[in-house]
Every structure is written in C-alpha cells, then in structure tokens.
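Worksheet for the structure shown next.
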Number of protein chains: 2
Amino acid sequence: MNFETSYQLILDNVGRFIDLTELEKQKYISLLTEVKVKRKTFLMQAGDIAQYEYFITKGCLKVYTLDEDGAPHISMFAVEDYWTGDMASFMTKEPSRYFIKAKEDSELLGISRANYDLLFQEIPKFERFYRILYQKSLISYIRRSNHGISLTAEERYIEFKRKYPKTVNRITQKDLAGYIGITPEFMSKIISKVNRM
Amino acid sequence: MNFETSYQLILDNVGRFIDLTELEKQKYISLLTEVKVKRKTFLMQAGDIAQYEYFITKGCLKVYTLDEDGAPHISMFAVEDYWTGDMASFMTKEPSRYFIKAKEDSELLGISRANYDLLFQEIPKFERFYRILYQKSLISYIRRSNHGISLTAEERYIEFKRKYPKTVNRITQKDLAGYIGITPEFMSKIISKVNRM
DNA sequence: GAAAAAAAATGAACTAGTTTAAGACTTTTA
DNA sequence: TAAAAGTCTTAAACTAGTTCATTTTTTTTC
C-alpha cells in the first residue's frame, strides 16, 4: 500500500471525532512513523518497553501474554482501522508483559511517546480525540469483562462470531480459543456443536 | 458531610491531572448536582437512561446487572474518591442494563449529560482530565478482563484482597462472589481454604 | 510438490466450579 | 427484643471445561 492511502485511513479515523485543518493534518502526519511487519514476526515482545502506540492500516496481529505455565492468553486481534499497543507500558515506561505478533504481513502507523506528548501541546484538539477514543474503548472493555465472567464459553464464541464475522475467518481456532479463554480442544468441540445446530 | 468538604474532594481528584484557576473551579462546581442515597436504595435501575455520571464523596455502592436467570453480576464496588455510573447509557442515551444500589448511606456529586457537554465548551482543559481518567480506567479494565479469563477464582479473590484491602471489609461475601464471578457457596469454600493456609 | 510442521478432531479420565438442600449464625425491622 | 430475613457453612451429586494421548487434515517450507 502507498503511504498516501494509509495516511488517508488514519485521518479518516481521527476525523470521526475531531475536525483538523490541512495544516494540522500535515503536522499530525509528521509525528507518525511508518512500520511494516512480516507475518510471524514480532512487533513487540514481553520485557520490551512499548515505544509506540499503533494504528493498523493493513494486516492482522495478535496481542497476547503467556501465563506461568506458558499458556497464551490473547487480549485482542488487531486488524485494519484498529489501534493497538500496550498502553500501560507506553504510559509508565515499564517493561511490557505482552507480545504483539503479525498473523499476516501488516502495515502500521506508530506514534512515539515523545510525539504523543508533543501532539497534545501542538494540537490540543487531540485531547478530545483520545478522550472519545478511550471512552469508547472503555465502554466495550467494561462490557467484555462482564461478559467474560457471566457467559459460558459457547456463548462467548457465538458473541465473537456475531461481532467480528470477518475476523473469525482470518484467525486459527487455536488463537480464538486463546481469546475466548478455553483450550483448543474444547474450542473444537464447541465449533462442531454450534455448526451441527 | 458539609458540601465544602465534598467539593474539596472532587477538586483534589480533578487536580491530580489538570490545574484549574479559582474561576474555573467555581464554574465546574456550579455544573455539579449534590445527591444523597440511603442504604439499600437505588441510585439507578435497569431500564433507566443514565442521567448522571457520579463521583462518590462518602459511602459504598454496588453496580450490577442481572442475567437471564436473575443471577447478579457485580461490575464494581464504588467507594469514596471513585467515579461511577453507566457510561454506555450516559453517552448513547439508551436504557441501561445496570442497577446501582447503596450498600451504605452515600453522598455523591453528579454531572448531567448536558453539563458534561457544556463543561468541554466552557473549560476545554476537561478534555485532558477525562482523557487521562479514561486512559487509566482502560488500563485497569484491560488488566481485569485478562485476569478474569486467566486466573482461577481463588487467585482472583487473593488479588482482590491485595488490591482493595479496605473494601473487602465493607461488603458481604455474597457480593464479593458476584464480583469474582462464582457462587456464594464456592466463595465460602475459597475463603475458609485461604484462611487455613 | 514432497516432507515437515502445525492445526484440528476425537475420546477417556480428571478437576474447578455449580446446584440443591439443610442447619447455624447475624443483621434488620417492627 | 422477638421475629423475620438474609448471610454463611457444609456436604453430596452434578456439569462445564481441562488434560493427555492419538489420528487426521491443513498449511508451510524448501
């Protein structure tokens, strides 16, 4: 993808919540870093300090941790038009416990911590953009953390399919199990049961 | 509690992230509504549209939903210096699925949706305040929704006790079970096991 | 396009957490 | 302050989800 196109994507995303002048758009874009990651390579690993927050313009990545037993727990699948990273590490500058690995060749736009801080000084309107972005994310995380605790694994799978019908086809059953919070074996059973219904 | 004191609490809370002039403080306070709720009464019920977001200056409330079987799922215990409400309903003006019930006589400061919108026009700095507030909440919800899925009930209980040692003593075991996501019977077993260790 | 590696399916034995029920203890209300 | 209502404990039978082991199918790599 040429960068014109990927800049257009991020400007459209920002444009949903705030209006920018041409000058502000140029300034904003000058603060971004273009990043490409090949399939099966890491954008970030546990132990790293998160240097960037990313906007995905192309591809698919998984964000996950490993528990003490080495079992993966997937916290999100990041696809086009999504923001990703480890915000806790990005803000505190402490080492992350997350891995971010590309499932497909992917293209991202990153903002460094220094530029993120600068952005608010240069274009204070971005406080509003992030206020609304975080507010919306918060609403969906609150819903997810309640659902996670009150629905059965089968219900969570049906919910995921309903909410992200395209993403289901881009990820393996094993990764979906890691997201839903069950073993791949049980995921397999659920899927064959749901398909039979 | 006199209102001087409760205003001081909310101004201190806001003051952690932004600096306000005396004039801005007065303006802000003029947008707030004082609310008292007696123990065992509701601040809000499922079906209501959330008219306010609340800051708690005194007391303890539980925020919960009921699932199809009528079983309660508690999403938070709100105590002094916390913010609460149903942000989804507050923003979209759609009916809430949450109940908020006082566990102790409580005092709150509410901001209505109209005043919340006005606040950003009058004191744009508040975009920054809420950007930071939501960002921090998001970080802790992301952590919680991952923990919820990867820890056992016993581990979640130990984690809760470590993180909110004071709150544990203000709520019943039954409510704690509703928060942890297990039955009161199993909560009872976990507590007697953990105390024996 | 063959070989190697990874993912998916299936089944049997197991465990964390639920359900139901009943009695003891504590708090609330009149 | 007695009665009622709610909370906590314990235990036995149950179910959703795990673990481990094996085979089949799909994807990746050279």
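Just so we're on the same page: letters track the sequence lines, and every chain starts at 1. The basis for the numbers below is simple: all heavy atoms, side chains too, and nothing from hydrogens, waters or symmetry mates.
Below 30°, between 30° and 60°, or above 60°: for B/Tyr130 and B/Tyr134 the angle between ring planes is between 30° and 60°, a tilted geometry. Between A/Tyr64 and A/Phe42, the ring-plane angle classifies as tilted under the 30° and 60° cut-offs. Relative orientation of the A/Tyr179 and A/Phe77 rings is tilted, given thresholds of 30° and 60° on the angle between their planes. A tilted orientation is assigned to the rings of B/Phe160 and B/Tyr164, their planes being inclined by 30° to 60°.
Proximity of A/Ile74 to A/Ile171: side-chain heavy atoms (C-beta onward) are nowhere separated by under 4.5 Å.
Bending across the helix from C/dG1-D/dC30 to C/dA30-D/dT1, expressed as the angle between its end axes from five pairs apiece, amounts to 70° (10° rounding).
Every pair tested for salt bridge (Lys or Arg N to Asp or Glu O under 4.0 Å) that includes a residue from residues 86-96 of chain B fails, sequence neighbours excluded, so the list is empty. Evaluation of the salt bridge (Lys or Arg N to Asp or Glu O under 4.0 Å) test over residues 137-153 of chain A, restricted to residues two or more places apart or in two chains, returns none.
In terms of position on DNA chain D, the residue among A/Thr152 and B/Pro184 whose nearest nucleotide sits closer to the 5' end is B/Pro184. For A/Arg156 and B/Lys189, each mapped to the nucleotide of DNA chain D holding its nearest heavy atom, the one lying further toward the 5' end belongs to B/Lys189. Nearer to the 5' terminus of DNA chain C, by closest-nucleotide assignment, is the contact made by A/Ile191 (compared with the other of A/Ile191 and B/Met187). In terms of position along DNA chain C, the nucleotide closest to A/Ser188 lies nearer the 5' end than the nucleotide closest to the other residue of the pair A/Ser188 and B/Leu151.
Contacts of A/Asp48 classified as salt bridge (Lys or Arg N to Asp or Glu O under 4.0 Å), with partners at least two apart in sequence or in another chain: none. In this structure, the side chain to side chain donor-acceptor pair (under 3.5 Å) partners of B/Lys103, at least two apart in sequence or on a different chain, are B/Asp175. Remark: B/Arg170 pairs with B/Glu80, B/Glu104 by the side chain to side chain donor-acceptor pair (under 3.5 Å) rule, at least two apart or across chains. Taking the side chain to side chain donor-acceptor pair (under 3.5 Å) definition, one finds that B/Lys101 meets it with nothing, sequence neighbours left out. Every residue was checked against the side chain to side chain donor-acceptor pair (under 3.5 Å) condition with A/Gln45, not counting sequence neighbours, and none meets it. Residues that satisfy the salt bridge (Lys or Arg N to Asp or Glu O under 4.0 Å) test with B/Lys163, not counting sequence neighbours, are absent from this structure.
Of all nucleotides in DNA chain C, those with any atom nearer than 4.0 Å to a heavy atom of chain A start and finish, going 5' to 3', at C/dA7 to C/dA12.
Separating the CG atom of B/Asn195 from the P atom of D/dT9 is a distance of 9 Å, rounded to the nearest angstrom. The separation between A/His73 atom NE2 and D/dG17 atom P is 15 Å, rounded to whole Å. The distance between atom NZ of B/Lys103 and atom C1' of D/dG6, rounded to the nearest whole Å, is 11 Å.
Near-neighbour residues of DNA chain D inside residues 164-182 of chain A, defined by a heavy atom below 4.0 Å, number-ordered: A/Gly181, A/Ile182.
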Check the interface with nucleotides 21-28 of chain D: list each N/O to N/O pair with the protein under 3.5 Å, or write none.
| from | atom 1 | to | atom 2 | distance (Å) |
| --- | --- | --- | --- | --- |
| D/dT28 | OP1 | A/Arg39 | NH2 | 2.1 |

